[in-house]
Amino acid sequence: MRYWLMKTEPDEFSIDDLAKKKVEPWTGVRNYQARNFMRDGMKVGDGVFFYHSSCAVPGVAGIAEVATEAYPDPTQFDRKSDYYDEASRRESPRWFLVDVKFKRKLKRTIALTELKDRKELDGFALLARGNRLSVLPVTKIEWDFILSLE
DNA sequence: GCCAACGTTGGC
DNA sequence: GCCAACGTTGGC
């Protein structure tokens with residue numbers, strides 16, 4: 001079992017939205033590295049930190065899990081979608097996604113500022129300089145440590 | 001709203 | 001293949 005972190009803007013889709021919907025297809029990832037993590041790395045049952053970005057208190061807000069193997073993101077073929085990619089072909093889709101299933105909301109959001117202060121998290125991908133990946137790996141050690149802050 | 005740090009695009 | 005220009009991300 002592996003662990004991941006997935007970013008979302010809570011104004012668009014928050015942990016409370018996921019709690020209501022239970023399962024959500026993670027559409028719209030258009031970065032190759034993030035795609036590769038979903039397509040090649042994720043397995044059903046993997047743990048996911050649900051991270052709120054571009055908001056008042058950026059940080060880990062909840063826990064989800066990977067609910068499906070990766071499959072082609074349907075929005076890439078939808079001309080009406082913001083995520084439409086005219087260069088992608090159905091016989092060789094460019095973009096993949098997984099479904100994400102709600103597990104629980106954290107008792108409190110563990111803020112980015114707090115994570116930055118912890119020397120235990122030196123090397124954590126989220127804190128890497130200039131990091132902009134919306135999907136990134138978390139080690140078991142990082143996972144357990146961050147949860148211990150809750 | 002600003003800006004640093006990236007990824008992508010396109011001219012050459 | 002290089003690299004400047006541009007667009008996006010995301011913290012502050």
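Naming: A, B, ... by sequence-line order, numbering from 1 per chain. It should be emphasised that the depicted structure is a prediction, and the values quoted were computed from it without experimental measurement.
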Ring pair (Phe, Tyr, Trp, His ring centres under 6.0 Å) involving A:Phe49 - partner list, sequence neighbours excluded: A:Trp143

Measuring to OP1 and OP2 of B:dA4, would you say a side-chain N or O of A:Arg129 lies under 4.0 angstrom away? no

Using a heavy-atom distance cut-off of less than 4.0 Å, which residues of residues 75-94 of chain A contact DNA chain C? none

Check nucleotides 8-12 of chain C for protein N or O atoms closer than 3.5 Å to its own N or O atoms and list the pairs.
| from | atom 1 | to | atom 2 | distance (Å) |
| --- | --- | --- | --- | --- |
| C:dT8 | O2 | A:Arg132 | NH1 | 3.2 |
| C:dG10 | OP1 | A:Lys7 | NZ | 2.9 |
| C:dG10 | OP1 | A:Arg132 | O | 3.2 |
| C:dG11 | OP1 | A:Tyr51 | OH | 2.7 |
| C:dG11 | OP2 | A:Ser54 | N | 2.9 |
| C:dC12 | OP1 | A:Lys116 | NZ | 2.5 |

Near A:Arg2 CZ, under 6.0 Å, is it more than 12 heavy atoms from other residues, nucleotides or ligands? no

Checking ring-ring contact (aromatic ring centres under 6.0 Å, His included) between A:Trp26 and each of A:Phe96, A:Phe50, A:Trp95, A:Phe37, which is the one that passes? A:Phe50

Check whether A:Phe77 forms a cation-pi arrangement with A:Arg90 (NZ or CZ under 6.0 Å from the six-membered ring centre, at most 45° off the ring normal). yes

A:Ser88 versus A:Gln76, side-chain donor and acceptor atoms under 3.5 Å: yes

Reported CG-to-CZ distance for the pair A:Leu18 and A:Phe13, which is rounded to 0.5 angstrom: 5.0 Å

Heavy-atom neighbours of A:Ile141 CD1 exceed 12 at 6.0 Å: no

Any chain of hydrophobic side-chain contacts (each under 4.5 Å) joining A:Leu97 to A:Tyr32? no

